[in-house]
Amino acid sequence: MIKLALVVPCYNEEAVLPAAIARLTALRDELVGENLIDADSSITFVDDGSTDRTWPLIESAAANDAGIHGIKLAKNRGHQNALIAGLLSVSGDVLISIDADLQDDPGAIRDMLARYSEGAQIVYGIRALRETDTWFKRWTAESFYRLMRLLGADVVFNHADYRLMSRTAIDALKQFEEVNLFLRGIVPQLGFKTAKVYYARAGRFAGESKYPMRKMLSLAWNGLTSLTSAPLRWITLFGIVVSIFSFAITCWILVRSFLFSVSVPGWASTVVPVYFLGGIQLLGIGIIGEYIAKIYLETKRRPRYIVEKII
Ligand code: UDP
Ligand code: MG
């Protein structure tokens, strides 16, 4: 019998948590009743340093139900770190990560378990419909997946962090110790037999998105820089193109002044390239700097999260 463990990251989710707890425990009881999962399957809520009543809610749920557990992080470390904290701490044969806001249809868990029984070690939850997201969110998210593909990074289109992983896959994931964590990029690199399950993405059940523009951009940028060094290669290519171009212009100017004795007293042709090249160089240095900053963070080997309490 499969021992299932659900991992639910929560950041200031007091508005949605009671509903999420009710929905997930009901589903667990159903699955236990149908003999699909073991009776001591668990649901673990990871409190990512919430400042509202999220932790007390988790505590009282855990007190009422032996199958509910909580991990309290000492500080808000972001969705990805909260997830990995949960995934690496809980026990179980099969782990499923799901958002607290019930946007990912918990009903898909049944299909995920079926794919697992057929031999898949990793099952991706794919958002088939995103009708409830604003067009802006949908457009930015989908452009991000396209850009990542274009850059040669292996990401699953329209899959976020709703996925099933077997114990074997989790053990493999443990070996990825990077601080600059982007799970959607790492998991496809593990290999194993994978499967996809499609579901309609609902609206947030309650509360507000904990992913403002700033966090979304930072996640996208982290994902990009952790998966590919293509931007560095682009800079090199661009540098080569500009160099060839300047060399050609130099030849042309020399030929003109020596053979035809023409010299134009124009400042535009002098000043424009200076600004242009200055801009390109700053951009280049900036991008290289971003990668060096990542190296700096990785070499410090700081912990990705600090656990304050486990119940
Ligand atoms: N989350 C988290 N830490 C954060 C931000 C978000 O643990 O710093 C959790 C949040 O509680 C939710 C999940 O990550 O369970 C996804 O966040 P949200 O629903 O706000 O993102 P969206 O669906 O709007 O992209
Ligand atoms: Mg959400």
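Counting starts at 1 for both ligands and their atoms, following the listed order. No hydrogens, no waters, no symmetry mates; every other heavy atom, side chains included, goes into these values.
- Side chains of Asp104 and Tyr199: a donor-acceptor N/O pair is present below 3.5 angstrom, by distance only.
- Remark: minimum distance from atom 21 (O) of ligand 1 to any protein heavy atom is reached at Tyr211 CD1, 3.1 Å.
- Taking both residues in full, the closest heavy atoms of Val155 and Arg184 are given as CG1-O, 4.0 Å, listed atom of the first, atom of the second, then distance.
- Contact atoms of ligand 1 toward Gln103: 19 (O), 22 (P), 23 (O) (distance under 4.0 Å to a heavy atom of the residue).
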Throw together a table of side-chain donor-acceptor distances under 3.5 angstrom for residues 278-287, partners on residues two or more places apart or in other chains.
none

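- Where the criterion is an N or O separation shorter than 3.5 Å, residue side chain and backbone included, Glu13 meets it with respect to ligand 1.
- Close N/O approach between Pro9 and ligand 1 is found [any backbone or side-chain N/O within under 3.5 Å].
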*asked:* Before you tell me yes or no, could you show the steps for Ile311 and Ile68 under side chain to side chain contact (heavy atoms under 4.5 Å, CB included), namely the whole-Å CA-CA distance, both residues' side-chain angles and the distance that decides it to 0.1 Å?
replied: CA-CA 9 Å; Ile311 52 170; Ile68 294 185; over 6 Å; no

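- Under the 4.5 Å side-chain contact rule for hydrophobic residues, Leu181 and Val46 share a cluster.
- The protein heavy atom nearest to atom 1 (N) of ligand 1 is Tyr11 CB, 3.8 Å.
- Near Asp99, meaning under 4.0 Å from one of its heavy atoms, ligand 1 places the atoms 13 (C), 15 (O), 16 (C).
- In this structure, atom 24 (O) of ligand 1 lies nearest to the protein heavy atom Ser209 OG, 2.6 Å.
- For atom 3 (N) of ligand 1, the closest non-hydrogen atom on the protein side is Asp48 OD2, 2.6 Å.
- Checking Lys3 against Ser41 by side-chain atom types alone, no donor-acceptor pair falls below 3.5 Å.
- Taking atom 20 (O) of ligand 1 as the reference point, the nearest protein heavy-atom neighbour is Lys210 N, 2.4 Å.
- Side-chain atoms of Gln80 and Asp161 form a donor-acceptor pair, as typed in the model, at a separation below 3.5 Å.
- The side-chain heavy atoms of Pro231 and Leu224, taken from C-beta on, include a pair separated by under 4.5 Å.
- Proximity of Cys10 to ligand 1, defined as any heavy-atom pair under 4.0 Å, is confined to the backbone N, CA, C and O atoms.
- The minimum heavy-atom distance linking Leu73 with Ala85 is given by the pair CD2-CB, 3.9 Å.
- Ranking protein heavy atoms by distance to atom 18 (P) of ligand 1, first place goes to Arg204 NH2, 3.5 Å.
- In terms of the salt bridge (charged side-chain N to carboxylate O under 4.0 Å, His left out) criterion, Arg302 has no residue partners (sequence neighbours excluded).
- Interface of Ala100 with ligand 1, defined as ligand atoms under 4.0 Å from a residue heavy atom, comprises 15 (O).
- Here is the list of ligand 1 atoms found below 4.0 Å of a heavy atom in Lys137: 22 (P), 24 (O), 25 (O).
- Nearest protein heavy-atom contact of atom 14 (O) of ligand 1 is His79 CD2, 3.2 Å.
- Of all the atoms in ligand 1, the ones that sit under 4.0 Å from a non-hydrogen atom of Lys215 are 4 (C), 5 (C), 8 (O).
- Between atom 19 (O) of ligand 1 and the options Asn12, Asn76, Asp101, the minimum heavy-atom separation is to Asp101.
- Rounding to 10°, one obtains 100° for the angle at the Mg ion (ligand 2) between OD2 (Asp101) and OE1 (Gln103).
- A heavy-atom distance below 4.5 Å is not found between the side chains of Ile71 and Asp47.
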